[in-house]
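Protein chains get the first letters and strands the later ones, always in sequence-line order, with residue 1 at the start of each.
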Amino acid sequence: MDDAHDRGRHPNLRVLPGGEEAEVRSRRADDEALVSAFLVGDDEAFGELVRRHEGLVLSIARRYARSPEDARDLAQRTFLRAFVAARRTLGRDPMRAVPFRRWLIRVAVNLSKNHLRNELRFARARHEQLGPTEVPPVGADELLRAERVRRLRAEVLQLPRRQREVLTLRLDAELPFTEIAEVLGITENAAKVTFHHASRRLREVLRKQEAK
Amino acid sequence: VSCRDFEVLLSLRAAGALDPRDAARVEGHLAHCRSCAADAEDTAAALALARLPEPTEAERRVFRDLPAGALEGVRRSDRRRATAKKYAVAALAVAAAAAFALAPALLRRSGEAPVRTAAAWEQPDLDELWEDTEVLDLDPAALSGGDEPDSAALAAVDL
(Lines give C-alpha, C1' and ligand atoms only; values in the text may rest on other atoms or scores of the structure.)
Protein backbone atom coordinates (compact mmCIF):
# COMPACT_ATOMS: atom_id res chain seq x y z
CA MET A 1 0.00 0.00 0.00
CA ASP A 2 2.89 2.22 0.81
CA ASP A 3 4.35 1.55 -2.63
CA ALA A 4 1.14 2.53 -4.38
CA HIS A 5 0.93 5.63 -2.25
CA ASP A 6 4.56 6.62 -2.95
CA ARG A 7 4.25 5.98 -6.66
CA GLY A 8 1.65 8.71 -6.91
CA ARG A 9 3.71 11.30 -5.10
CA HIS A 10 6.12 13.67 -6.72
CA PRO A 11 9.45 14.14 -4.98
CA ASN A 12 9.74 17.39 -3.14
CA LEU A 13 12.90 18.82 -4.76
CA ARG A 14 14.69 21.87 -3.51
CA VAL A 15 17.38 23.83 -5.33
CA LEU A 16 20.35 24.07 -3.03
CA PRO A 17 22.84 26.91 -3.26
CA GLY A 18 26.37 26.04 -4.37
CA GLY A 19 25.59 24.95 -7.93
CA GLU A 20 28.62 23.54 -9.68
CA GLU A 21 30.70 23.22 -6.53
CA ALA A 22 28.02 21.16 -4.79
CA GLU A 23 27.76 18.97 -7.88
CA VAL A 24 31.53 18.41 -7.90
CA ARG A 25 31.46 17.44 -4.21
CA SER A 26 28.59 15.06 -4.79
CA ARG A 27 30.37 13.49 -7.80
CA ARG A 28 33.52 12.99 -5.74
CA ALA A 29 31.55 11.35 -2.93
CA ASP A 30 29.95 9.07 -5.51
CA ASP A 31 33.36 8.15 -6.94
CA GLU A 32 34.71 7.17 -3.55
CA ALA A 33 31.55 5.18 -2.84
CA LEU A 34 32.01 3.30 -6.11
CA VAL A 35 35.68 2.57 -5.29
CA SER A 36 34.63 1.25 -1.87
CA ALA A 37 31.87 -0.85 -3.43
CA PHE A 38 34.33 -2.38 -5.88
CA LEU A 39 36.73 -3.15 -3.06
CA VAL A 40 34.07 -5.30 -1.41
CA GLY A 41 33.46 -7.21 -4.63
CA ASP A 42 31.00 -5.16 -6.70
CA ASP A 43 32.41 -5.37 -10.24
CA GLU A 44 29.57 -3.27 -11.62
CA ALA A 45 30.76 -0.37 -9.43
CA PHE A 46 34.12 -0.36 -11.20
CA GLY A 47 32.41 -0.51 -14.59
CA GLU A 48 30.35 2.51 -13.62
CA LEU A 49 33.49 4.33 -12.45
CA VAL A 50 35.17 3.68 -15.80
CA ARG A 51 32.14 4.70 -17.81
CA ARG A 52 31.87 7.89 -15.80
CA HIS A 53 35.46 8.98 -16.47
CA GLU A 54 36.45 7.26 -19.72
CA GLY A 55 35.76 10.39 -21.78
CA LEU A 56 38.10 12.42 -19.62
CA VAL A 57 40.90 9.85 -19.63
CA LEU A 58 40.63 9.17 -23.36
CA SER A 59 40.67 12.88 -24.14
CA ILE A 60 44.07 13.09 -22.44
CA ALA A 61 45.39 9.81 -23.86
CA ARG A 62 44.37 10.49 -27.48
CA ARG A 63 46.79 13.38 -27.75
CA TYR A 64 49.77 11.06 -27.16
CA ALA A 65 48.57 7.87 -28.78
CA ARG A 66 49.41 6.74 -32.29
CA SER A 67 46.26 4.71 -32.77
CA PRO A 68 42.88 4.17 -31.10
CA GLU A 69 44.17 0.89 -29.64
CA ASP A 70 47.13 2.73 -28.22
CA ALA A 71 44.83 5.31 -26.61
CA ARG A 72 42.60 2.58 -25.19
CA ASP A 73 45.60 0.74 -23.68
CA LEU A 74 46.91 3.95 -22.18
CA ALA A 75 43.48 4.64 -20.69
CA GLN A 76 43.24 1.10 -19.29
CA ARG A 77 46.61 1.44 -17.60
CA THR A 78 45.50 4.80 -16.24
CA PHE A 79 42.40 3.29 -14.62
CA LEU A 80 44.39 0.40 -13.19
CA ARG A 81 47.08 2.59 -11.64
CA ALA A 82 44.61 5.19 -10.38
CA PHE A 83 42.54 2.46 -8.76
CA VAL A 84 45.56 0.89 -7.08
CA ALA A 85 46.64 4.33 -5.82
CA ALA A 86 43.13 5.18 -4.61
CA ARG A 87 42.82 1.82 -2.85
CA ARG A 88 46.13 2.37 -1.07
CA THR A 89 45.24 5.83 0.21
CA LEU A 90 41.66 4.87 1.01
CA GLY A 91 42.95 2.02 3.15
CA ARG A 92 45.22 4.33 5.11
CA ASP A 93 42.98 7.24 5.94
CA PRO A 94 39.66 7.59 4.13
CA MET A 95 39.23 11.19 5.29
CA ARG A 96 42.48 12.32 3.72
CA ALA A 97 42.31 10.19 0.61
CA VAL A 98 42.95 11.94 -2.71
CA PRO A 99 39.75 11.99 -4.81
CA PHE A 100 39.67 9.23 -7.44
CA ARG A 101 39.17 11.72 -10.26
CA ARG A 102 42.32 13.60 -9.27
CA TRP A 103 44.29 10.33 -9.23
CA LEU A 104 42.97 9.58 -12.68
CA ILE A 105 44.05 12.89 -14.17
CA ARG A 106 47.48 12.82 -12.51
CA VAL A 107 48.12 9.26 -13.63
CA ALA A 108 46.86 9.99 -17.14
CA VAL A 109 49.17 13.00 -17.42
CA ASN A 110 52.18 11.06 -16.14
CA LEU A 111 51.58 7.96 -18.22
CA SER A 112 51.06 10.10 -21.30
CA LYS A 113 54.32 11.90 -20.65
CA ASN A 114 56.16 8.58 -20.30
CA HIS A 115 54.42 7.22 -23.37
CA LEU A 116 55.52 10.19 -25.44
CA ARG A 117 59.09 9.87 -24.18
CA ASN A 118 59.18 6.17 -25.01
CA GLU A 119 57.68 6.73 -28.42
CA LEU A 120 60.34 9.26 -29.24
CA ARG A 121 63.17 7.28 -27.71
CA PHE A 122 62.48 3.74 -28.88
CA ALA A 123 60.09 3.83 -31.79
CA ARG A 124 61.63 6.98 -33.26
CA ALA A 125 58.14 8.01 -34.28
CA ARG A 126 57.93 11.39 -35.86
CA HIS A 127 55.72 13.86 -34.06
CA GLU A 128 53.38 14.18 -36.94
CA GLN A 129 52.67 10.46 -36.81
CA LEU A 130 51.28 10.80 -33.33
CA GLY A 131 47.66 11.68 -32.75
CA PRO A 132 44.43 10.27 -34.06
CA THR A 133 44.09 9.70 -37.76
CA GLU A 134 41.56 11.65 -39.72
CA VAL A 135 40.04 11.55 -43.17
CA PRO A 136 42.77 12.37 -45.72
CA PRO A 137 42.43 15.92 -47.11
CA VAL A 138 41.47 16.69 -50.70
CA GLY A 139 41.95 20.03 -52.43
CA ALA A 140 44.57 22.75 -51.96
CA ASP A 141 42.81 24.53 -49.10
CA GLU A 142 42.26 21.34 -47.20
CA LEU A 143 45.86 20.28 -47.76
CA LEU A 144 47.04 23.63 -46.43
CA ARG A 145 44.80 23.35 -43.41
CA ALA A 146 45.90 19.76 -42.79
CA GLU A 147 49.52 20.87 -42.88
CA ARG A 148 48.85 23.60 -40.33
CA VAL A 149 47.00 21.16 -38.10
CA ARG A 150 49.86 18.69 -38.35
CA ARG A 151 52.43 21.35 -37.53
CA LEU A 152 50.49 22.76 -34.59
CA ARG A 153 49.77 19.36 -33.04
CA ALA A 154 53.43 18.50 -33.37
CA GLU A 155 54.25 21.79 -31.66
CA VAL A 156 51.90 20.92 -28.77
CA LEU A 157 53.97 17.80 -28.09
CA GLN A 158 57.17 19.84 -28.22
CA LEU A 159 56.03 22.41 -25.68
CA PRO A 160 57.83 22.46 -22.32
CA ARG A 161 56.27 19.81 -20.06
CA ARG A 162 54.26 22.13 -17.82
CA GLN A 163 52.95 24.18 -20.72
CA ARG A 164 51.93 21.01 -22.54
CA GLU A 165 50.17 19.64 -19.47
CA VAL A 166 48.18 22.80 -18.81
CA LEU A 167 47.32 23.29 -22.47
CA THR A 168 46.11 19.76 -23.06
CA LEU A 169 44.16 19.60 -19.81
CA ARG A 170 42.33 22.72 -20.90
CA LEU A 171 42.10 22.10 -24.63
CA ASP A 172 41.48 18.34 -24.72
CA ALA A 173 40.03 17.51 -21.30
CA GLU A 174 38.28 20.90 -21.00
CA LEU A 175 39.01 21.14 -17.31
CA PRO A 176 38.47 24.43 -15.48
CA PHE A 177 41.68 26.18 -14.44
CA THR A 178 40.86 25.59 -10.76
CA GLU A 179 40.95 21.83 -11.32
CA ILE A 180 44.05 22.01 -13.52
CA ALA A 181 45.80 23.91 -10.73
CA GLU A 182 44.70 21.33 -8.14
CA VAL A 183 45.86 18.40 -10.20
CA LEU A 184 49.26 19.90 -11.06
CA GLY A 185 49.83 21.37 -7.61
CA ILE A 186 50.16 24.97 -8.80
CA THR A 187 48.10 28.12 -8.29
CA GLU A 188 45.23 28.96 -10.58
CA ASN A 189 47.01 32.12 -11.74
CA ALA A 190 50.14 30.12 -12.54
CA ALA A 191 48.01 27.73 -14.59
CA LYS A 192 46.48 30.62 -16.53
CA VAL A 193 49.82 32.28 -17.22
CA THR A 194 51.32 28.94 -18.30
CA PHE A 195 48.39 28.43 -20.64
CA HIS A 196 49.00 31.89 -22.07
CA HIS A 197 52.68 31.11 -22.78
CA ALA A 198 51.69 27.88 -24.53
CA SER A 199 49.00 29.49 -26.67
CA ARG A 200 51.28 32.41 -27.55
CA ARG A 201 53.84 29.92 -28.83
CA LEU A 202 51.25 28.15 -30.94
CA ARG A 203 50.11 31.51 -32.29
CA GLU A 204 53.66 32.32 -33.36
CA VAL A 205 53.99 28.97 -35.12
CA LEU A 206 50.76 29.62 -36.99
CA ARG A 207 51.91 33.10 -38.01
CA LYS A 208 55.20 31.75 -39.32
CA GLN A 209 53.30 29.23 -41.39
CA GLU A 210 50.98 31.84 -42.78
CA ALA A 211 53.94 34.04 -43.66
CA LYS A 212 55.52 31.31 -45.81
CA VAL B 1 45.62 50.26 -19.15
CA SER B 2 48.06 49.00 -21.79
CA CYS B 3 47.82 46.14 -24.27
CA ARG B 4 50.22 44.11 -22.12
CA ASP B 5 47.56 43.95 -19.42
CA PHE B 6 45.31 42.05 -21.83
CA GLU B 7 47.84 39.47 -23.05
CA VAL B 8 46.84 36.68 -20.67
CA LEU B 9 43.18 37.57 -20.93
CA LEU B 10 43.29 37.17 -24.71
CA SER B 11 44.57 33.61 -24.34
CA LEU B 12 41.89 32.86 -21.76
CA ARG B 13 39.29 34.33 -24.13
CA ALA B 14 40.44 31.95 -26.85
CA ALA B 15 40.05 29.08 -24.38
CA GLY B 16 36.59 30.26 -23.35
CA ALA B 17 37.74 30.71 -19.77
CA LEU B 18 36.98 34.37 -19.11
CA ASP B 19 34.59 35.34 -16.36
CA PRO B 20 31.85 37.80 -17.44
CA ARG B 21 33.52 40.84 -15.87
CA ASP B 22 36.87 40.23 -17.63
CA ALA B 23 35.06 39.32 -20.85
CA ALA B 24 33.38 42.74 -20.90
CA ARG B 25 36.72 44.50 -20.32
CA VAL B 26 38.44 42.50 -23.07
CA GLU B 27 35.68 43.08 -25.60
CA GLY B 28 35.78 46.81 -24.79
CA HIS B 29 39.52 46.88 -25.46
CA LEU B 30 39.33 44.80 -28.64
CA ALA B 31 36.72 47.14 -30.04
CA HIS B 32 39.31 49.89 -30.46
CA CYS B 33 42.70 48.03 -30.51
CA ARG B 34 43.42 46.44 -33.88
CA SER B 35 46.71 44.89 -32.76
CA CYS B 36 45.10 43.04 -29.85
CA ALA B 37 42.15 42.07 -32.06
CA ALA B 38 44.58 40.45 -34.52
CA ASP B 39 46.33 38.64 -31.64
CA ALA B 40 43.00 37.42 -30.31
CA GLU B 41 41.97 36.15 -33.71
CA ASP B 42 45.28 34.34 -34.35
CA THR B 43 45.34 32.82 -30.87
CA ALA B 44 41.81 31.50 -31.31
CA ALA B 45 42.75 30.09 -34.74
CA ALA B 46 45.90 28.41 -33.39
CA LEU B 47 44.02 26.78 -30.52
CA ALA B 48 41.22 25.67 -32.81
CA LEU B 49 43.72 23.97 -35.11
CA ALA B 50 45.62 22.39 -32.22
CA ARG B 51 42.44 21.00 -30.64
CA LEU B 52 41.80 17.32 -31.33
CA PRO B 53 38.67 16.43 -33.28
CA GLU B 54 35.88 14.39 -31.73
CA PRO B 55 36.58 10.63 -31.78
CA THR B 56 35.56 8.99 -35.03
CA GLU B 57 33.19 6.06 -35.14
CA ALA B 58 36.16 3.71 -35.63
CA GLU B 59 37.79 5.08 -32.48
CA ARG B 60 34.57 4.76 -30.51
CA ARG B 61 34.33 1.10 -31.52
CA VAL B 62 37.81 0.46 -30.10
CA PHE B 63 37.05 2.42 -26.94
CA ARG B 64 34.00 0.28 -26.22
CA ASP B 65 36.31 -2.40 -24.80
CA LEU B 66 37.70 -0.01 -22.24
CA PRO B 67 35.51 -0.82 -19.17
CA ALA B 68 35.91 -4.58 -19.61
CA GLY B 69 39.63 -4.24 -20.34
CA ALA B 70 40.22 -2.00 -17.33
CA LEU B 71 38.34 -4.41 -15.06
CA GLU B 72 40.34 -7.34 -16.42
CA GLY B 73 43.52 -5.33 -15.84
CA VAL B 74 42.62 -4.77 -12.19
CA ARG B 75 41.70 -8.44 -11.75
CA ARG B 76 44.99 -9.54 -13.34
CA SER B 77 46.93 -7.18 -11.12
CA ASP B 78 45.11 -8.54 -8.05
CA ARG B 79 45.86 -12.11 -9.10
CA ARG B 80 49.54 -11.26 -9.56
CA ARG B 81 49.62 -9.62 -6.16
CA ALA B 82 47.90 -12.60 -4.54
CA THR B 83 50.34 -15.01 -6.20
CA ALA B 84 53.33 -12.92 -5.17
CA LYS B 85 51.97 -12.76 -1.63
CA LYS B 86 51.46 -16.53 -1.59
CA TYR B 87 55.04 -17.12 -2.76
CA ALA B 88 56.36 -14.66 -0.21
CA VAL B 89 54.49 -16.39 2.62
CA ALA B 90 55.68 -19.81 1.41
CA ALA B 91 59.28 -18.58 1.19
CA LEU B 92 58.98 -17.12 4.66
CA ALA B 93 57.58 -20.39 6.01
CA VAL B 94 60.40 -22.41 4.41
CA ALA B 95 62.97 -20.00 5.82
CA ALA B 96 61.41 -20.26 9.28
CA ALA B 97 61.33 -24.08 9.10
CA ALA B 98 64.95 -24.18 7.93
CA ALA B 99 65.98 -21.86 10.72
CA PHE B 100 64.10 -24.01 13.24
CA ALA B 101 65.76 -27.20 11.98
CA LEU B 102 69.25 -25.80 11.72
CA ALA B 103 69.26 -23.69 14.86
CA PRO B 104 70.37 -26.49 17.31
CA ALA B 105 73.23 -27.56 15.01
CA LEU B 106 74.32 -24.01 14.51
CA LEU B 107 74.16 -23.27 18.19
CA ARG B 108 76.14 -26.45 19.01
CA ARG B 109 78.78 -25.57 16.50
CA SER B 110 79.08 -22.17 17.94
CA GLY B 111 79.53 -23.82 21.43
CA GLU B 112 82.48 -25.85 20.12
CA ALA B 113 84.32 -22.87 18.97
CA PRO B 114 88.04 -23.02 19.94
CA VAL B 115 88.55 -21.54 23.33
CA ARG B 116 91.90 -20.13 24.23
CA THR B 117 92.87 -21.70 27.52
CA ALA B 118 95.77 -20.58 29.66
CA ALA B 119 98.72 -22.97 29.92
CA ALA B 120 98.34 -25.21 32.92
CA TRP B 121 100.35 -24.08 35.96
CA GLU B 122 103.11 -26.45 36.93
CA GLN B 123 104.93 -26.71 40.16
CA PRO B 124 108.35 -25.11 39.64
CA ASP B 125 111.44 -27.10 40.46
CA LEU B 126 113.00 -25.38 43.43
CA ASP B 127 116.49 -26.63 42.63
CA GLU B 128 116.34 -25.23 39.10
CA LEU B 129 115.05 -21.98 40.42
CA TRP B 130 117.87 -21.85 42.92
CA GLU B 131 120.48 -22.56 40.27
CA ASP B 132 119.11 -19.91 38.00
CA THR B 133 119.11 -17.37 40.74
CA GLU B 134 122.16 -15.12 40.93
CA VAL B 135 123.12 -15.24 44.53
CA LEU B 136 125.18 -12.42 45.91
CA ASP B 137 128.71 -13.73 46.02
CA LEU B 138 130.13 -12.75 49.39
CA ASP B 139 133.87 -12.39 49.63
CA PRO B 140 134.96 -14.26 52.80
CA ALA B 141 137.91 -11.88 53.17
CA ALA B 142 135.64 -8.88 53.19
CA LEU B 143 133.58 -10.49 55.82
CA SER B 144 136.48 -11.42 58.09
CA GLY B 145 138.57 -8.34 57.65
CA GLY B 146 141.69 -10.58 58.18
CA ASP B 147 142.90 -14.11 58.01
CA GLU B 148 140.62 -15.41 60.73
CA PRO B 149 136.95 -15.13 60.28
CA ASP B 150 135.39 -12.89 62.80
CA SER B 151 133.05 -14.98 64.79
CA ALA B 152 130.68 -12.07 65.36
CA ALA B 153 130.52 -11.31 61.66
CA LEU B 154 129.88 -14.94 60.86
CA ALA B 155 127.20 -15.04 63.40
CA ALA B 156 125.58 -12.03 61.76
CA VAL B 157 125.68 -13.68 58.33
CA ASP B 158 124.17 -16.81 59.70
CA LEU B 159 121.28 -14.77 60.93
Would you mind checking which part of B:S77 comes under 4.5 Å of any heavy atom in chain A, side chain (CB onward), backbone (N, CA, C, O), both or neither? side chain

A:L49 versus chain B, the contacting section by heavy-atom distance below 4.5 Å: neither

Here the pair of heavy atoms bringing B:A50 nearest to A:R153 is O-CG, 3.9 Å

Proximity breakdown for B:E41 and chain A, heavy-atom pairs closer than 4.5 Å: neither

Just so I understand: if I count every heavy-atom pair under 4.5 Å between each of A:L202, A:D73, A:L80 and chain B, which residue has the most? A:L80

One should read off an interatomic distance between A:R200 CZ and B:D39 CG, to the nearest 0.5 angstrom, of 10.0 Å

Determine whether B:L47 and A:L167 satisfy the following criterion, side-chain contact (heavy atoms from CB on, under 4.5 Å), listing intermediate values before the conclusion. CA-CA 9 Å; B:L47 293 186; A:L167 186 93; 4.0 Å; yes

If you draw a 6.0 Å radius around CD in B:E122, do more than 12 non-hydrogen atoms from other residues or ligands fall strictly inside? no

Examine whether an atom of A:L58 lies under 4.5 Å from a heavy atom of chain B, and if so say whether it belongs to the side chain, the backbone or both; otherwise answer neither. side chain

Roughly how far apart are A:R201 CZ and B:T43 OG1, rounded to 0.5 Å? 15.0 Å

Portion of B:E72 that has a non-hydrogen atom of chain A nearer than 4.5 angstrom: neither

Has A:R170 got a side-chain atom pairing as donor or acceptor with B:A15's backbone, closer than 3.5 angstrom? yes

Measure across A:Q76 and B:D65 and return the closest heavy-atom pair with its distance rounded to 0.1 Å. NE2-O, 3.8 Å

Who wins among B:L66, B:L9, B:L12 for the most heavy-atom pairs under 4.5 Å with chain A? B:L66

Taking all heavy atoms of B:R51 and all of A:R63, pick out the closest pair and write down the distance. CA-NH2, 4.0 Å

Give the minimum heavy-atom separation between A:H196 and B:S11, together with the two atoms involved. ND1-OG, 2.7 Å

Could you tell me which portion of B:A45 (side chain, backbone, both or neither) has an atom closer than 4.5 angstrom to a non-hydrogen atom of chain A? both

On a heavy-atom basis, the closest approach of B:A46 and A:L152 is O-CD1, 3.8 Å

Chain B shares the most heavy-atom pairs under 4.5 Å, among A:F79, A:F46, A:F177, A:F38, with A:F46

Non-hydrogen atoms of chain A under 4.5 Å away: do they reach the side chain of B:R81, the backbone, both or neither? side chain

Quick check against the 3.5 Å criterion: does A:R145 have a side-chain atom that pairs as donor or acceptor with the backbone of B:L49? no

May I ask you to name which of A:V156, A:D172, A:T168 has the most heavy-atom pairs under 4.5 Å with chain B? A:D172

Checked B:G73, B:A48, B:A58, B:P55 vs chain A; the most non-hydrogen pairs under 4.5 Å come from B:P55

With a 4.5 angstrom heavy-atom cut-off, could you sort out which part of B:R75 is near chain A: side chain, backbone, both or neither? side chain

Does CZ in B:R21 sit with more than 12 non-hydrogen atoms of other residues, nucleotides or ligands closer than 6.0 Å? no

For the CZ atom of A:R62 and the CD atom of B:E54, what is their distance to the nearest 0.5 Å? 7.0 Å

Run A:V50 and B:L71 through side-chain contact (heavy atoms from CB on, under 4.5 Å) and show every step you take. CA-CA 9 Å; A:V50 175; B:L71 181 61; over 6 Å; no

So which atom in B:F63 and which in A:P68 form the shortest heavy-atom distance, rounded to 0.1 Å? CE2-O, 3.4 Å

